[in-house]
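Take a look at the structure set out below.
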Amino acid sequence: MPDDRPYDIVLFGATGFTGALTAEYLARNAGPALRWALAGRNRAKLEAVRDRIGLPELPLLHADVTDPASLVEIARQARVVATTVGPYVSYGEPLVAACADAGTHYADITGEPEFVDRMFIRHHERARRTGAKLVHACGFDSVPHDLGAYFTVRRLPEGVPLEVSGFVRASGAASGGTAHSAVMAISRFRQTAEAAHIRRELEGGSAASGTRRTRGMPGSVRHVGGWALPLPTLDPQIVARSARALDRYGPDFTYRHHFAVRRLPVALGLAAGVGALALLAQIPPARSLLLRRFAPGEGPGVEQRARSWFKVTFLGLGGGARVVTEVAGGDPGYGETAKMLGESALCLATDDLPEVSGQLTTAVAMGDALIGRLVRAGITFTVLSDSRK
């Protein structure tokens with residue numbers, strides 16, 4: 001990528017709840033040599049964020065999802081564009097297209113499978129030609145799960161069939177933007193299935209060869225001390241794509257994804273709640289009512305975020321080995337997501353990374369470099385047990 005671009009990183013959506021937290025994180029951790037800027041459509045709100053983070057000379061750029069030319073301009077000026085503007089299926093594509101055209105690295109925090117698949121269908125090949133790394137899901141979706149599975153696999157034997165299961169435990173609250181994105185994604189089941197089908201056809205046999213992501217099975221799990229439920233999020237798709245791209249996952253790799261809770265009544269209540277939400281999201285009046293309850297730009301306060309946490313436990317099996325690992329941190333949806341996005345942007349902008357391009361996962365695009373950054377930033381990657389038969 002040319003070095004004459006004026007900015008290493010442009011953060012788009014800095015006036016939103018998670019965007020402002022990401023701006024704060026970069027202000028504390030970017031260092032004086034990094035050339036970065038905030039971008040958004042409302043200059044007064046951008047100025048308020050700039051004042052809040054204490055960097056009065058930080059450049060502010062105009063960018064609006066309804067003005068594709070403005071997105072082309074910021075993509076041409078930056079080595080990396082990081083964005084928190086969602087729901088991505090509604091607002092995200094013009095920026096992905098601009099970055100793919102300009103050869104600019106891109107990072108977001110989407111958890112929307114339809115969006116990721118459609119961006120692969122429409123922009124992967126062009127990004128591959130221009131050298132752009134398009135890296136989706138650089139927040140709690142799906143960094144701990146993708147890099148946690150990668151971390152686990154690297155501690156298992158090479159060249160043999162491997163099985164990894166992930167068990168997510170977390171405590172936190174949702175912001176308005178997150179709620180809108182979740183309801184939107186759930187309501188678009190048909191469109192999501194259609195995009196996945198088209199992607200599978202484009203990828204051909206390589207999409208399934210040697211790699212399986214299967215639904216986790218509900219039940220009691222001893223090594224996490226509770227009950228596990230299948231977790232149908234974007235995360236297992238991301239893990240499977242990393243496995244297909246990296247030889248280290250072996251000739252036959254299986255991943256299962258779960259949410260873990262301590263008590264059976266809680267597990268049953270969660271299952272019922274998710275089912276009810278999925279049903280309501282299909283009914284337009286009910287969906288509108290759900291969305292009105294959450295205002296975009298609002299989210300949990302400092303004290304609530306300080307009490308929030310996440311732990312993802314991985315059980316890896318293969319070649320006579322059994323490995324249990326854990327990825328853990330603080331507030332998953334906001335504090336740690338801002339950290340993950342910020343470190344992903346810094347990694348893409350400044351680190352020596354593999355010469356790959358197109359739509360990529362965090363494990364493929366950044367791998368060990370990003371794990372090292374996250375560990376230094378306070379997210380733990382731990383081997384809990386390692387035994388061989």
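- A donor-acceptor pair under 3.5 Å is absent between the side-chain atoms of Thr15 and the main chain of Lys45, judged by distance alone.
- Between Met119 and Tyr88, every side-chain heavy-atom pair lies at or beyond the 4.5 Å cut-off.
- Here the closest non-hydrogen pair linking Leu348 and Met366 is CG-SD, 3.8 Å.
- Annotation for Tyr91: atom OH does not count as buried by contact number, only 12 or fewer foreign heavy atoms lying within 6.0 Å.
- At least one donor-acceptor pair closer than 3.5 Å links the side chain of Arg35 to the backbone N or O of Arg5.
- Considering all non-hydrogen atoms of both residues, Gly318 and Leu162 come closest at CA-CD2, 3.9 Å.
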For a side-chain contact (heavy atoms from CB on, under 4.5 Å) check, start with the C-alpha distance between Val10 and Leu61, then their side-chain angles and the critical distance, and finish with the verdict.
CA-CA 9 Å; Val10 170; Leu61 308 177; 3.9 Å; yes
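- A side-chain donor from one of Thr325 and Thr152 sits under 3.5 Å from a side-chain acceptor of the other.
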After noting the C-alpha distance and the side-chain angles of Thr361 and Ser242, does the key distance pass the side-chain hydrogen bond (donor to acceptor under 3.5 Å, both in side chains) rule?
CA-CA 6 Å; Thr361 67; Ser242 294; 2.6 Å; yes
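- Contact of the Pro332 side chain with the Thr337 side chain is not registered, since no non-hydrogen atoms from C-beta on lie closer than 4.5 Å.
- In terms of modelled atom types and a separation under 3.5 Å, the side chain of Ser308 and the main chain of Asp331 share no donor-acceptor contact.
- Ala82 and Leu341 make their closest contact through CB-CD1, 4.1 Å (heavy atoms, listed as atom of the first residue, atom of the second, distance).
- Here the side chain of His105 pairs a donor or acceptor atom with the backbone of Lys133 at under 3.5 angstrom.
- Closest of all the heavy-atom pairs between Ser142 and Ile238 is OG-CG1, 3.7 Å.
- For the residue pair Asp108 / Thr110, no side-chain donor-acceptor distance below 3.5 Å is found, with atom types taken as modelled.
- Salt-bridge annotation for Arg256 and Glu163: present, with a side-chain N of the basic residue lying under 4.0 Å from a carboxylate O of the acidic one.
- Counting non-hydrogen atoms of neighbouring residues, nucleotides and ligands closer than 6.0 angstrom, the NE2 atom of His197 reaches no more than 12 such neighbours.
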Might you work through the salt bridge (charged side-chain N to carboxylate O under 4.0 Å, His left out) test for Arg76 and Asp101, ending with a clear yes or no?
CA-CA 9 Å; Arg76 288 174 176 171; Asp101 286 339; over 6 Å; no
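- If you chain together hydrophobic residues whose side chains sit under 4.5 Å apart, Val168 and Leu147 fall into the same group.
- Using modelled atom types, no side-chain atom of His258 and backbone atom of Phe167 make a donor-acceptor pair closer than 3.5 Å.
- Pairing each heavy atom of Ala149 with each of Tyr255, the nearest pair is CB-CE1, 4.4 Å.
- No salt bridge links Glu194 with Arg199; every basic N to acidic carboxylate O contact stays at or beyond 4.0 Å.
- A 6.0 Å sphere centred on CZ of Arg248 holds more than 12 heavy atoms belonging to other residues, nucleotides or ligands.
- For the atom pair CG (Asp386) and CZ (Arg155), the distance works out to 9.0 Å, reported to the nearest 0.5 Å.
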Criterion salt bridge (charged side-chain N to carboxylate O under 4.0 Å, His left out) on Arg41 and Asp67, from CA distance to verdict
CA-CA 10 Å; Arg41 63 180 180 177; Asp67 179 11; over 6 Å; no
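- Under the 3.5 Å distance criterion, with hydrogens and angles disregarded, no donor-acceptor pair is assigned to the side chains of Tyr249 and Asp247.
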Take Glu93 and Arg118 through the test salt bridge (charged side-chain N to carboxylate O under 4.0 Å, His left out) and record every step on the way to the result.
CA-CA 9 Å; Glu93 183 170 5; Arg118 293 201 185 280; over 6 Å; no
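- Ionic pairing of Glu343 and Lys339 is not present here: no N-O contact between side-chain nitrogen and carboxylate oxygen is shorter than 4.0 angstrom.
- Using modelled atom types and a 3.5 Å distance limit, the side chains of Asp146 and Thr362 yield a donor-acceptor pair.
- Residues Glu203 and Arg200 are not paired through a salt bridge, judged by the lack of any N-O separation under 4.0 Å between the basic side chain and the carboxylate.
- Nearest heavy-atom pair across Ala127 and Leu134 is CB-CD1, 3.6 Å.
- Judged purely by atom type and a 3.5 angstrom limit, Asp117 has no side-chain atom pairing as donor or acceptor with the backbone of Thr192.
- Taking the charged nitrogens against the carboxylate oxygens, Asp351 and Arg373 do have a contact shorter than 4.0 Å, which makes a salt bridge.
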